[in-house]
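What follows is a single structure, written as structure tokens, with notes after it.
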Protein chains: 2
Amino acid sequence: MARAGVTVERLAEAAAELADEVGLENVTVSELARRFGVKDASLYSHIRNAHELRVRVAVLALAELADLVAAALAGRAGKEALVAFANAYRDYAREHPGRYAAMQVELDPETARASAARRHSDMTRAILRGYSLAEPDQTDAVRLLGSTFHGFVSLEQTGGFRHHARAADESWNRTLDTLDVALRNWPVQTA
Amino acid sequence: MARAGVTVERLAEAAAELADEVGLENVTVSELARRFGVKDASLYSHIRNAHELRVRVAVLALAELADLVAAALAGRAGKEALVAFANAYRDYAREHPGRYAAMQVELDPETARASAARRHSDMTRAILRGYSLAEPDQTDAVRLLGSTFHGFVSLEQTGGFRHHARAADESWNRTLDTLDVALRNWPVQTA
DNA sequence: TGTAGAATCCTAGGAGTCCTAGGGAGAGTG
DNA sequence: CACTCTCCCTAGGACTCCTAGGATTCTACA
């Protein structure tokens, strides 16, 4: 009998595709084995357990998105960079909802270090070069941007904005305008 | 044999507690039945399926948080109201991670209408009275606030801020300062 | 080329979960 | 007391995760 040619890489890729199709919580070892024409027990020589599958999707997604963001950021600065970053982020989440959901799973410290998570915060910091913020304000701003982008995309995905006339796109653009203004008028310490 | 006294309300309450203890994804019909000293099949005369359990936790959490936010908002306005709202939100998420996660499940339109979701957006709008924003900017601002709060709390929960010296609390306070400034200097339409 | 060892896949099966079907026992009502 | 409704039961099917141990295929090296 011919071998199915299962590898961890192909498994992660297939799991990511499956996640985008049916949602991350429906990514199952059995279904994946079915897609490879293999018994589910066979997959356990490639992965340790079902959780590792999700972690691998997360790592894959983090790397993919980091590449996309890097490309979007190339040659841009200031607000242009902010908008490019944000749109790359949001577009990815909409095209790959399962991969995006996977990015939110908690990674153990080692996996997190080996992942592209660092590249993400580094690129966010790069955006802030256009706004002249020193530490620790820079870290606060990185967190503000990350929070707002993720929060918007997350609420949009779970249908939070659907039952209202105002289009999500317009709110998104105004959100970016607002962030741009906020970064340029970063508040001085009040406490 | 004495009856266990299972009701939908007690089920939802127990499911919410279980979710806070072991995470929403580990809220299982079987475990819940165990806690009531009852066979799992017995619960299906109270709920239709496992999904309904999570929906009921979501509805419960939305109502609880709406009450807390309403109390926090009483007698406050402007930035004070903004901060009170935000802290009530974040505190709830930290004290009740499972309930909070449940709030992010997609509700069907009917359930959403019957839930406290509307109270949440109404109260967010109430905050904005201190900032004199007309529609559609008000809707955009509501979404910005919701996104930022949810995004921050969500990233904080999945450990996004843990591997950095800067304390999350301080970033949170600066985020609120920034939002306050942003709402007071709401950008005029650029496009 | 022959073969040892590693990698890949298999069968078999246990445990847990979700859910349905159908039956019996307690509680309240006439 | 009898009737009915609700609650809870047993029984069991389908699916998932995962382990153990065996068989097959591929690879590399003598």
Side-chain angles (χ1 to χ4, degrees), chain A residues 1-60 98-99 101-102 104-108 111, chain B residues 1-60 98-99 101-102 104-108 111:
Chain A
M1 202 189 310
R3 298 213 171 175
V6 179
T7 65
V8 233
E9 289 76 20
R10 292 189 58 200
L11 263 181
E13 186 61 48
E17 228 134 283
L18 183 57
D20 287 338
E21 290 172 25
V22 301
L24 185 69
E25 70 281 4
N26 294 85
V27 171
T28 165
V29 177
S30 317
E31 174 60 27
L32 220 50
R34 238 168 275 138
R35 298 206 168 190
F36 277 94
V38 147
K39 298 294 173 186
D40 57 349
S42 303
L43 296 190
Y44 288 90
S45 30
H46 302 278
I47 54 166
R48 247 215 333 251
N49 50 35
H51 181 250
E52 184 181 334
L53 222 49
R54 272 145 234 193
V55 169
R56 288 196 177 276
V57 175
V59 171
L60 182 112
R99 286 164 157 96
Q104 253 59 51
V105 310
E106 195 159 351
L107 301 179
D108 62 296
T111 310
Chain B
M1 202 188 308
R3 300 214 169 175
V6 178
T7 65
V8 231
E9 289 76 20
R10 291 189 59 199
L11 263 181
E13 187 60 48
E17 228 134 283
L18 183 58
D20 287 338
E21 289 172 25
V22 300
L24 185 68
E25 70 281 4
N26 294 86
V27 171
T28 165
V29 177
S30 316
E31 174 60 28
L32 220 50
R34 236 168 276 138
R35 297 206 168 189
F36 276 94
V38 147
K39 298 294 172 184
D40 57 349
S42 304
L43 295 190
Y44 287 89
S45 33
H46 302 279
I47 54 166
R48 245 209 343 246
N49 50 36
H51 181 249
E52 184 181 334
L53 222 50
R54 272 145 233 192
V55 169
R56 288 196 178 273
V57 175
V59 171
L60 181 111
R99 285 165 159 95
Q104 253 59 51
V105 309
E106 195 158 350
L107 300 179
D108 62 296
T111 309

Checklist entry - Can you list the steps and then say if A/Asn49 with A/Glu52 is a side-chain contact (heavy atoms from CB on, under 4.5 Å)? => result CA-CA 6 Å; A/Asn49 50 35; A/Glu52 184 181 334; 3.7 Å; yes
Item to check | Minimum-distance nucleotide to A/Val38 side chain [options: C/dC9, D/dC9, D/dC18] | outcome: C/dC9
Under 3.5 Å, which donor-acceptor pairs link side chains of residues 22-33 of chain B to any protein atom two or more places apart or in another chain?
from	atom 1	to	atom 2	distance (Å)
B/Thr28	OG1	B/Ser30	N	3.2
B/Glu31	OE1	B/Arg34	NH1	2.6
B/Glu31	OE2	B/Arg35	NE	3.2

Checklist entry - Nearest-Å distance, NZ (B/Lys39) to C1' (C/dC19)? => result 16 Å
Checklist entry - What is the distance from atom CD of B/Glu106 to atom CZ of B/Arg54, rounded to the nearest 0.5 Å? => result 15.0 Å
Item to check | Members of residues 42-58 of chain A that approach DNA chain D, where some heavy atom sits under 4.0 Å away | outcome: A/Tyr44, A/Asn49, A/Ala50
Next on the checklist: I need the minimum non-hydrogen distance between B/Ala15 and B/Leu53, along with the two atoms involved.
Outcome noted: CB-CG, 4.2 Å
Checklist entry - Going through the checks in order, is the side-chain contact (heavy atoms from CB on, under 4.5 Å) test met by B/Leu18 and B/Asp20? => result CA-CA 5 Å; B/Leu18 183 58; B/Asp20 287 338; over 6 Å; no
Pairs under 3.5 angstrom, nitrogen or oxygen only, protein versus nucleotides 13-16 of chain D, please.
from	atom 1	to	atom 2	distance (Å)
D/dT16	OP2	A/Arg34	NH2	2.8
D/dT16	O3'	A/Thr28	OG1	3.0

Item to check | Test item: B/Val8 and B/Arg56 side chains (from C-beta on) under 4.5 Å apart, heavy atoms | outcome: yes
Checklist entry - So, do A/Glu21 and A/Glu17 sit near enough that their side-chain heavy atoms are less than 4.5 Å apart? => result yes
Would you mind writing out the side-chain donor-acceptor pairs for residues 38-45 of chain A within the sub-3.5 Å range, not counting sequence neighbours?
from	atom 1	to	atom 2	distance (Å)
A/Ser42	OG	A/Lys39	O	3.3
A/Ser45	OG	A/Ser42	O	2.7

Next on the checklist: Under a 3.5 Å distance rule, please check whether B/Arg99 uses its side chain to pair with a backbone N or O of B/Leu60 as donor and acceptor.
Outcome noted: no
Checklist outcome for this item: Between CG of B/Leu32 and C1' of C/dG16 the distance, given in whole Å, is 16 Å
Checklist outcome for this item: Note: contacts of residues 11-18 of chain A with DNA chain C (heavy atom, under 4.0 Å) are none
Checklist entry - At how many degrees, to 10°, do the end axes of the helix from C/dT1-D/dA30 to C/dG30-D/dC1 meet when each uses five pairs? => result 0°
Checklist entry - What are the two closest heavy atoms between B/Ala58 and B/Ala102, and how far apart are they? => result CB-O, 3.2 Å
